[in-house]
Amino acid sequence: MDQSDALQRVVRAAIRQRQVVQPGGGGTKGFLHPAATDAVLVSTAEHDGILHYHPDELVIRVRSGTRLVELQETLREAGQYLPCEPPSFGSAGTVGGMVAAGLAGPSRPYVGGVRDYVLGMKLILPSGEIAAFGGDVMKNVAGYDITRLNVGARGSLGLMLEVALKVLPIPEVVQVYGLVCDPSLAQQHMLAQRRLAGLSASAYCDGALLVRYQGSEQAKPTFEQALGQGFQPVPNTGLAAVRDLSFAHTGHLWRWDGAVDAPVSGQLVAMDWGGALRWFASDAAPLGAADGGVITWFKQGEGALPGLTERADGVGLLQQRVKSALDPNGAFIGYPGLRPVS
Amino acid sequence: MLSEAITSSLRQIDDLELIEDPSRRKVYESDGLTAIAQIPPLVGLPNSLQALQETLRVCHTHGVPMVARGAGTGLSGGATPLADGLLIGLAKFNRILEIDPVKMTARVEPGVTNLAISKAVASAGLFYAPDPSSQIACTIGGNVAENSGGVHCLKYGLTLHNVCALKIMLADGEVLSLGGTGLWEDGLDLLALLHGSEGLLGLVIEVTVALRPLPEAVTVLMAGFSDTNAAANAVSAVIQAGVLPAGLEMMDRLAIQAAEDFVHAGYPLEAEALLLCELDGSGAEIAALSTAVQGVLQAAGAQSLVEASDAAARARLWLGRKAAFPAVGRIAPDYYCMDGTIPRRHLAEVLAAIADRSAHYGLPVANVFHAGDGNLHPLILYDANDSDQFQRAEAFGADVLAICLRFGGTITGEHGVGLEKIDQMCIQFTSLELGVFHAVKAAFDPSGLLNPGKAIPTLNRCAEFGAMHVHQGAEKHSELPRF
C-alpha cells in the first residue's frame with residue numbers, strides 16, 4: 001500500500017525535532033548498523049506493492065517495502081529472476097533493504113552485484129522532499145548516477161520509496177557440484193575454473209568447494225567434463241549457507257575483499273566470489289590475513305564490539321564530503337564503514 | 001583567453017606539450033558534436049601523470065576552468081572547449097599497463113582506445129564487452145566519462161558494469177583509487193558515480209576493466225519485417241522466450257537503404273524494419289539456440305531470415321549497422337543524431353510521434369535502435385548551410401527528446417548530456433533533483449573548474465529555458481525568478 005505521504009510526514013517530523021532518521025525495512029539486516037544510536041527507525045515495511053512489471057522488457061518497479069520473497073515469486077511465475085542473488089536473513093527482508101545493504105550473493109563475479117541491476121529509484125531526501133533518479137530503462141546517462149550511489153549506502157542518503165530493477169530470464173538448467181577439500185585446494189580449483197562457460201558460483205564453506213553451472217542443457221556435459229574428477233552433483237540449496245552467512249562460526253564476522261589469487265591464510269570460515277570474498281570469524285580483527293585485500297567488520301558475535309574506525313583515507317574523506325553535501329544537517333544516519341583499528 | 005601569467009606557469013611544466021599556435025588549436029574546436037565549436041585559447045597535452053597533476057594544480061591555483069578530452073568522438077559536446085579554459089588532451093596516455101589473464105582484468109591508461117583493449121587481450125582468449133560504434137577511435141577514459149554503451153549492452157552491460165576500478169585525479173590534483181582490490185569497497189559507491197559524470201567530477205587517469213572469455217560460438221540472425229510494429233513485437237517475443245541475445249538491433253527503412261547503399265551488407269531493401277540478433281555461447285548449444293530463435297522470429301512474422309555463422313558473414317551484417325551513421329551522412333549534407341531511451345512497449349507510438357514531427361519540420365529521419373534495451377537513435381537529415389534547416393533540425397531534436405520523456409524514457413541513453421541536451425535536463429529533472437547533482441559536484445570539485453557549463457544545467461538556466469517551454473502544462477521551476 002502506498003505510504004509515501006505518511007513516511008514523508010514521519011521523516012519531516014524527525015527532521016523538525018532534530019532526530020536522526022534511520023531507514024529500515026523488514027528489520028533483518030539491522031546488524032549492519034551496530035552502534036546503538038538515538039536515531040528514529042522509519043520503516044518502509046508497510047509501503048509495499050509491485051507498481052509495474054513488463055517481463056518482455058526485463059524491468060520491474062516496486063515499492064521499497066515489498067518483501068523480497070514476494071518479488072522473487074512474482075518473477076519466478078514469469079520465468080525470470082533477480083541475478084544478483086541477495087542474501088536472505090529472514091522472510092521479512094524487503095527490496096529496499098536489499099538495495100540499501102547492497103549485498104550480493106555467490107553470482108556476483110559472473111553476473112554483477114545489486115547496483116548492476118538497479119535502474120532507478122524514488123526517495124525521500126535528507127531535506128524531507130521527494131526526488132526521482134534513473135528510470136525504468138536500461139540505458140540512461142542523464143545526470144549523475146544518484147540511483148547507484150544509493151545502492152549499498154545503508155540508508156545514509158535518504159529513504160527509498162520505489163526501486164526499478166533489471167531482471168533476467170531463469171536459465172534452463174541450474175546445478176551445483178561439490179568437492180570435499182581444504183581451502184588451499186579449493187582456491188586452486190577456483191583459479192583454474194574461472195573461465196568455464198556457464199560458471200555462476202564458486203564458493204567454499206563447511207569443508208567443501210561448491211561450483212554452480214547455469215545455462216543450457218546442451219552445454220552442461222562440457223561443463224561437467226571440464227570440472228574434472230571428484231566433483232559430484234549436490235543439492236542447489238548448498239550455496240544458501242554461503243549466501244546467507246549461515247555457515248558455522250563463532251566470534252565476530254569479518255569480510256575480506258581482495259584479489260582472487262591472494263594466498264589463503266588465517267582462520268577463514270568461508271570463501272565466495274571465486275576467492276574474491278573471504279569470511280573470517282574471530283573476536284579480534286584477523287589482521288594477519290589482510291594481505292592482498294581489505295578487512296571490514298561485518299557482524300557482531302557474542303563478544304563486545306571490537307575497536308573499529310571509519311575509513312579516513314582520501315576515498316573515505318571524499319565519501320564523507322559527498323554524504324555532507326547531500327545531507328548537510330546530518331538528518332539521516334551515517335554510513336558505518338567500519339574497519340578494524342590496526 | 002588565458003593570461004600570460006598562467007600560460008607561462010604552464011610552460012614551466014616538464015612533459016607538458018602546450019599548443020599555442022591558433023591553426024593547431026583549431027583541431028580541438030569541437031568533439032563529435034561539430035555543430036558547436038569553440039577554438040580553445042590553449043591546449044595542454046601532458047605526457048606524464050606528474051605533468052598532468054602540475055597542470056591541474058596551476059589551473060586550480062589560478063581558477064582556470066579545464067576540459068578533458070580523449071579522442072574527441074563524443075556526440076554531445078562533453079569535450080567542447082571553453083573560451084576561457086584549458087583543453088587537456090589525454091590521448092598520450094595510451095599504454096596498456098597490465099593484462100592479468102587469471103583475474104581476467106586489464107589495467108590501462110585513459111587514452112587507450114576501446115578496440116585496442118579487445119585486440120590486446122584476444123590472444124589470451126578474452127575480450128572487453130562494451131563496444132560503442134566509434135570503438136576504433138574512442139578512448140576508455142571517455143567511455144567511463146560517458147558510461148558508453150554499444151550493441152552488446154543487453155547481455156553484457158554498459159561501461160559501468162565492466163569496470164572494476166578507477167584511478168582519478170580531482171581538480172586540485174589529488175589522486176584517488178576507487179573500487180578497491182576486490183569486488184566490493186566499503187562506503188559510498190563512488191566508482192559507480194564517476195561513470196557518466198562527463199568529466200565534471202574528476203579526470204580518469206587509469207581504468208581497470210573486467211574481461212570476459214571469448215564466446216566459443218557466435219551466430220547472427222537477420223530478419224526483415226513488413227512493418228516496425230511486427231519487428232518490435234518480435235523483439236519482445238525473443239526475450240519472452242527466455243533468450244538473452246548478445247545484441248538485438250533494429251533499423252527502419254531509410255536506415256536500411258542508406259546502409260545497404262554504403263556497404264552492401266546484403267540487407268533486404270523491401271523491408272520496413274530489420275532486426276539483427278546476435279547469439280553467443282558454447283559450441284554445444286549455439287545450433288539449438290539459433291533454431292529456437294529463428295522459430296520465434298518466423299512466428300512473429302519475419303518475411304526474410306538469414307543466418308550468418310562464420311566470422312566474415314557476421315562482420316558483413318554488422319558492418320551495415322555499425323556504419324549506419326556515416327551511411328546516413330551520405331544521403332544528406334548533415335545529420336543530427338539523437339539518443340533517447342524509451343520503454344520498448346511504447347516504440348510504435350514513439351516512432352509515430354517522430355514521423356509526425358518529421359512531416360511537421362519537413363526533414364526526413366532514419367531510425368537506428370538498440371531494440372533490446374530501448375535505446376533509440378533517430379538521425380535527423382538536414383543541410384547545415386541552410387540556417388532555416390539547421391534551426392528546424394534543432395527544434396525537431398528537442399521534440400524527439402520531449403517525446404521520449406513523455407513515454408517514460410530519458411533524454412540520453414549513452415551519448416551523454418554535454419552541451420547538446422543541457423536544456424532538456426530541465427525537463428527531465430526538477431530543481432530539487434538538479435540541486436542534488438550540484439551538491440555532488442561541489443563535494444568533488446568545490447571550485448567548479450572541471451568542465452563547467454556541461455551536463456548539469458544551473459537553476460537559472462532552467463528558469464530561462466522554462467520560460468519558453470512548459471512541460472505537461474506545469475512549470476517545473478516555478479519557484480525561480482524569470483528574466
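So you know, we letter chains A, B, ... as the sequences are listed, proteins then strands, and number each from 1.
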Q: May I ask you to decide if B:Arg344's main-chain N or O and A:Glu57's side chain share a donor-acceptor pair within less than 3.5 Å?
A: yes
Q) Do NZ/NE/NH1/NH2 and the carboxylate oxygens of B:Asp189 and A:Arg148 come within less than 4.0 Å? A) no
N/O donor-acceptor pairs under 3.5 Å from side chains in residues 173-180 of chain B, not counting sequence neighbours:
none

Q) Listed by residue number, which members of residues 312-319 of chain A have a heavy atom under 4.5 Å from any heavy atom of chain B? A) A:Gly314, A:Val315, A:Leu318, A:Gln319
Q. Is there a donor-acceptor pair under 3.5 Å between the side chain of A:Arg321 and the backbone N or O of B:Ala443?
A. yes
Q. With only heavy atoms counted, which part of B:Asn147 is less than 4.5 Å from chain A, the side chain, the backbone, both or neither?
A. both
(Q) Quick check against the 3.5 Å criterion: does B:Thr341 have a side-chain atom that pairs as donor or acceptor with the backbone of A:Lys139? (A) yes
**Q.** Contacting moiety of B:Leu158, where chain A heavy atoms sit under 4.5 Å
**A.** side chain
Q. Under 3.5 Å, is there a donor-acceptor pair between the side chain of B:Glu433 and the main chain of A:Ala132?
A. yes
**Q.** Residue, of A:Gln320, A:Glu129, A:Arg255, A:Lys166, that accumulates the most heavy atom pairs under 4.5 Å with chain B
**A.** A:Arg255
Q: With a 4.5 angstrom heavy-atom cut-off, could you sort out which part of A:Thr222 is near chain B: side chain, backbone, both or neither?
A: side chain
(Q) Between A:Ser156 and chain B, with a heavy-atom cut-off of 4.5 Å, which part of the residue counts as in contact: side chain, backbone, both or neither? (A) side chain
Q. Given the options A:Gly258, A:Pro55, A:Ala325, which has more heavy-atom pairs under 4.5 Å with chain B than any of the others?
A. A:Gly258
Q) So do the side chains of A:Asp257 and B:Leu183 get within less than 4.5 Å of each other, counting heavy atoms only? A) no
Q | Flag, side chain of A:Arg194 to backbone of B:Val102, donor-acceptor distance under 3.5 Å | A | yes
Q | Min side-chain heavy-atom separation A:Ser216-B:Leu289 under 4.5 Å | A | no
Q | Segment of B:Ser197 engaging chain A (4.5 angstrom heavy-atom cut-off) | A | both
Q. Below 4.5 Å, heavy atoms only, C-beta onward: do A:Ile146 and B:Val440 meet side chain to side chain?
A. yes
Q: Counting only heavy atoms closer than 4.5 Å, note whether B:Lys441 contacts chain A via side chain, backbone, both or neither.
A: both
(Q) Applying a heavy-atom distance below 4.5 Å, give me the residues of residues 100-108 of chain A that approach chain B, sorted by number. (A) A:Arg108
Q) In terms of heavy-atom pairs under 4.5 Å, which option from A:Gly135, A:Pro171, A:Ala259 contacts chain B the most? A) A:Ala259
Q. Does any heavy atom of chain B fall under 4.5 Å from the side chain of A:Ile130, the backbone, both, or neither of them?
A. backbone
Q: Go through the steps to decide whether A:Leu149 and B:Leu190 satisfy the test side-chain contact (heavy atoms from CB on, under 4.5 Å), and finish with yes or no.
A: CA-CA 7 Å; A:Leu149 181 65; B:Leu190 304 184; 4.2 Å; yes
(Q) Less than 4.5 Å to any heavy atom of chain A: does that hold for the side chain of B:Leu194, its backbone, both, or neither? (A) neither
Q) Are any of the side-chain heavy atoms of B:Val436 and A:Tyr144 separated by less than 4.5 Å? A) no
Q. Side chain, backbone, both or neither: which part of B:Glu216 has a heavy atom under 4.5 Å from chain A?
A. neither
(Q) Apply side-chain contact (heavy atoms from CB on, under 4.5 Å) to residues A:Asn150 and B:Leu188 and explain how you reach the verdict. (A) CA-CA 8 Å; A:Asn150 272 278; B:Leu188 301 177; over 6 Å; no
Q.
Taking side chain as everything from C-beta outward and backbone as N, CA, C, O, which of these in B:Leu160 sits under 4.5 Å from a heavy atom of chain A? Side chain, backbone, both or neither.
A. both
Q.
Side chains of A:Asp145 and B:His195, heavy atoms from C-beta outward: is any pair under 4.5 Å?
A. no
Q | Interchain contact, B:Pro457 with chain A, by part (heavy-atom threshold 4.5 Å) | A | neither
Q | Lys/Arg N to Asp/Glu carboxylate O, A:Arg311 vs B:Glu185, below 4.0 Å | A | yes
Q | Leading residue by heavy atom contact count with chain B [cutoff under 4.5 Å; candidates A:Arg195, A:Met138, A:Gln218] | A | A:Arg195
Q.
Determine whether B:Leu432 and A:Ser127 satisfy the following criterion, side-chain contact (heavy atoms from CB on, under 4.5 Å), listing intermediate values before the conclusion.
A. CA-CA 10 Å; B:Leu432 175 69; A:Ser127 63; 4.3 Å; yes
**Q.** For chain B, the option from A:Gln80, A:Lys220, A:Arg115 that forms the most heavy-atom pairs under 4.5 Å
**A.** A:Arg115
Q | Residues forming a ring-ring contact (aromatic ring centres under 6.0 Å, His included) with A:Phe133, sequence neighbours excluded | A | B:Phe437
Q: Take B:Leu154 and A:Leu58 through the side-chain contact (heavy atoms from CB on, under 4.5 Å) test and state the conclusion after the steps.
A: CA-CA 10 Å; B:Leu154 179 64; A:Leu58 305 172; 4.1 Å; yes
Q) Taking C-beta and beyond as the side chain, do B:Pro343 and A:Val137 meet within less than 4.5 Å on heavy atoms? A) yes
Q: Select one option (side chain, backbone, both, neither) describing which atoms of B:His415 are under 4.5 Å from chain A's heavy atoms.
A: backbone
